[in-house]
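What follows is a set of notes on a single structure, which appears directly below.
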Amino acid sequence: PNPQSPIPKPQSPIPNPHYIFNNIKIYFKYFIYIKIFKKEMTSEVRFVVKYRVPPHIIFEAITNEEMISKYSQAKAKFEKKVDGVVELYDGAIKGKIIEFEENKKIVLTWLPSNWKQEAHVQMTFKPKEGNETQITILIKDCPNRDASGQIIEKKTVEEGFKQQIFNKIEMFVGYPMNKDDESDSD
């Protein structure tokens, strides 16, 4: 051997406890980072709309392809069955029916073209006094950021649903909304 090269020290069979502890801290920090920051955070949006028509009429307006095309002024597809395809606004919003109970409940996936992940939308139709309908909308797994990284505000999601679906049903189909009581009553 070269007399100037240092002789390596023999490795201890038991690792240094500080080395182990520091590596555990690093792995733990990485795990927390992945779980919190890399995973898409989601939220929930809930709101109520009311119409001065019975449930079967407003349910048909929300699920009938011709009526959807009339108020959205775009091509629509809505297969009224479990696993049925939903495409609104010329395919800019896509989904799939998870649960379908005529005149009572619709649960579907919801994926606008500018979102990275789908949300789950539940619409529950409840008859109210005076031949009216209350629709409770619950949007679960709504991403907090869109595909370009922009923040998705919960209020913006609610307003988008109201403007692009529910207000347009009133304007283009003629079914009046009941805006007298805006509370989330059940």
Side-chain angles (χ1 to χ4, degrees), residues 42-143 146-147 150 152-186:
T42 61
S43 61
E44 187 174 287
V45 178
R46 181 185 185 280
F47 62 97
V48 171
V49 292
K50 297 175 185 173
Y51 284 91
R52 296 179 189 262
V53 295
H56 72 277
I57 291 177
I58 198 65
F59 190 90
E60 184 68 11
I62 290 173
T63 61
N64 179 288
E65 292 176 356
E66 288 181 31
M67 293 182 91
I68 296 169
S69 292
K70 182 176 181 178
Y71 63 77
S72 69
Q73 299 181 345
K75 186 177 175 186
K77 183 174 189 172
F78 199 105
E79 296 177 347
K80 300 180 190 184
K81 62 182 181 177
V82 172
D83 292 328
V85 173
V86 175
E87 292 183 3
L88 306 175
Y89 289 95
D90 293 324
I93 298 171
K94 295 183 181 200
K96 187 175 189 179
I97 303 288
I98 297 169
E99 196 176 326
F100 190 85
E101 193 175 342
E102 189 79 29
N103 301 325
K104 293 183 180 177
K105 185 177 185 182
I106 304 167
V107 180
L108 65 147
T109 60
W110 187 266
L111 183 61
S113 59
N114 66 330
W115 287 9
K116 291 189 284 188
Q117 70 185 56
E118 64 187 21
H120 293 85
V121 176
Q122 175 180 303
M123 289 185 249
T124 307
F125 299 75
K126 184 177 180 182
K128 298 302 275 183
E129 188 177 323
N131 220 11
E132 295 190 1
T133 304
Q134 173 180 296
I135 307 170
T136 302
I137 298 92
L138 176 62
I139 307 164
K140 293 182 178 182
D141 305 320
C142 184
D146 66 16
Q150 297 297 312
I152 299 173
E153 298 287 341
K154 289 168 63 170
K155 195 68 179 166
T156 303
V157 173
E158 177 182 338
E159 289 304 315
F161 267 80
K162 286 180 177 178
Q163 291 172 8
Q164 297 303 317
I165 298 172
F166 301 111
N167 291 349
K168 285 189 172 189
I169 289 173
E170 181 178 46
M171 286 176 21
F172 291 99
V173 182
Y175 299 153
M177 294 180 83
N178 180 345
K179 298 177 185 171
D180 294 342
D181 180 16
E182 291 287 327
S183 67
D184 284 3
S185 61
D186 285 320

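Residue numbers run from 1 in the order of the sequence given. The shown structure was predicted, so the numbers you read here are calculated from the model rather than taken from an experiment. Because only heavy atoms are used, hydrogens play no part in the values below, and waters and symmetry mates are left out as well, while side chains stay in.
Phe161 is not listed as a side-chain neighbour of Val45, based on a closest heavy-atom distance of 4.5 Å or more. Between Ile106 and Phe125 the shortest side-chain heavy-atom distance falls below 4.5 Å. Taking the side chain as every heavy atom from C-beta outward, Asp180 and Arg52 approach each other to under 4.5 Å. Between Val173 and Met67 the shortest side-chain heavy-atom distance falls below 4.5 Å. Between Tyr175 and Tyr71, the closest side-chain pair of non-hydrogen atoms is not below 4.5 Å. Using a 4.5 Å cut-off on side-chain heavy atoms (C-beta onward), Trp110 and Leu88 make contact.
Taking the six-membered ring for Trp and thresholds of 30 and 60 degrees, Tyr51 and Phe166 have ring planes inclined between 30 and 60 degrees apart.
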Exercise answer: donor-acceptor pairs, residues 91-101 side-chain atoms, under 3.5 Å, sequence neighbours excluded:
unit_1 : atom_1 : unit_2 : atom_2 : d
Glu99  : OE2    : Lys105 : NZ     : 3.3

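Between Leu111 and Glu118, the shortest heavy-atom contact is CD1-N, 3.6 Å. Closest approach of Thr63 and Lys80 over heavy atoms only: O-CE, 3.3 Å. For the residue pair Trp115 and Ala119, the shortest heavy atom distance occurs at CZ3-CB, 3.7 Å. Summarising the geometry of Glu158 relative to Arg46, their closest heavy-atom pair is OE1-O, 4.4 Å, with the distance given to 0.1 Å. Closest approach of Ile139 and Ile137 over heavy atoms only: CG1-CG2, 4.0 Å. The two residues Ser43 and Lys154 have their closest heavy-atom pair at OG-CG, 3.7 Å.
To the nearest 0.5 Å, the span separating NZ on Lys77 from OG on Ser69 amounts to 12.5 Å. Annotation: the span from Gln163 atom CD to Thr156 atom OG1 amounts to 9.5 Å, rounded to 0.5 Å. Interatomic distance, Ile169 CD1 to Ile135 CD1, rounded to the nearest 0.5 Å: 6.5 Å.
Applying the side-chain contact (heavy atoms from CB on, under 4.5 Å) test between Met123 and each of Val49, Leu108, Leu138, Ile58 identifies Leu108 as the sole match.
Side chain of Glu44 to backbone of Lys140: no donor-acceptor contact under 3.5 angstrom is found. Remark: side-chain polar atoms of Asp90 are paired, donor with acceptor, to backbone N or O of Lys75 under 3.5 angstrom. In this structure, the side chain of Thr133 does not engage the main chain of Pro127 through any donor-acceptor pair within 3.5 Å.
Counting heavy-atom neighbours within 6.0 Å of Lys168 NZ, excluding the residue itself, gives a total above 12.
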Stepwise side chain to side chain donor-acceptor pair (under 3.5 Å) test for Asp146 and Gln150:
CA-CA 5 Å; Asp146 66 16; Gln150 297 297 312; 5.8 Å; no
After noting the C-alpha distance and the side-chain angles of Lys162 and Met177, does the key distance pass the side chain to side chain contact (heavy atoms under 4.5 Å, CB included) rule?
CA-CA 11 Å; Lys162 286 180 177 178; Met177 294 180 83; 6.0 Å; no
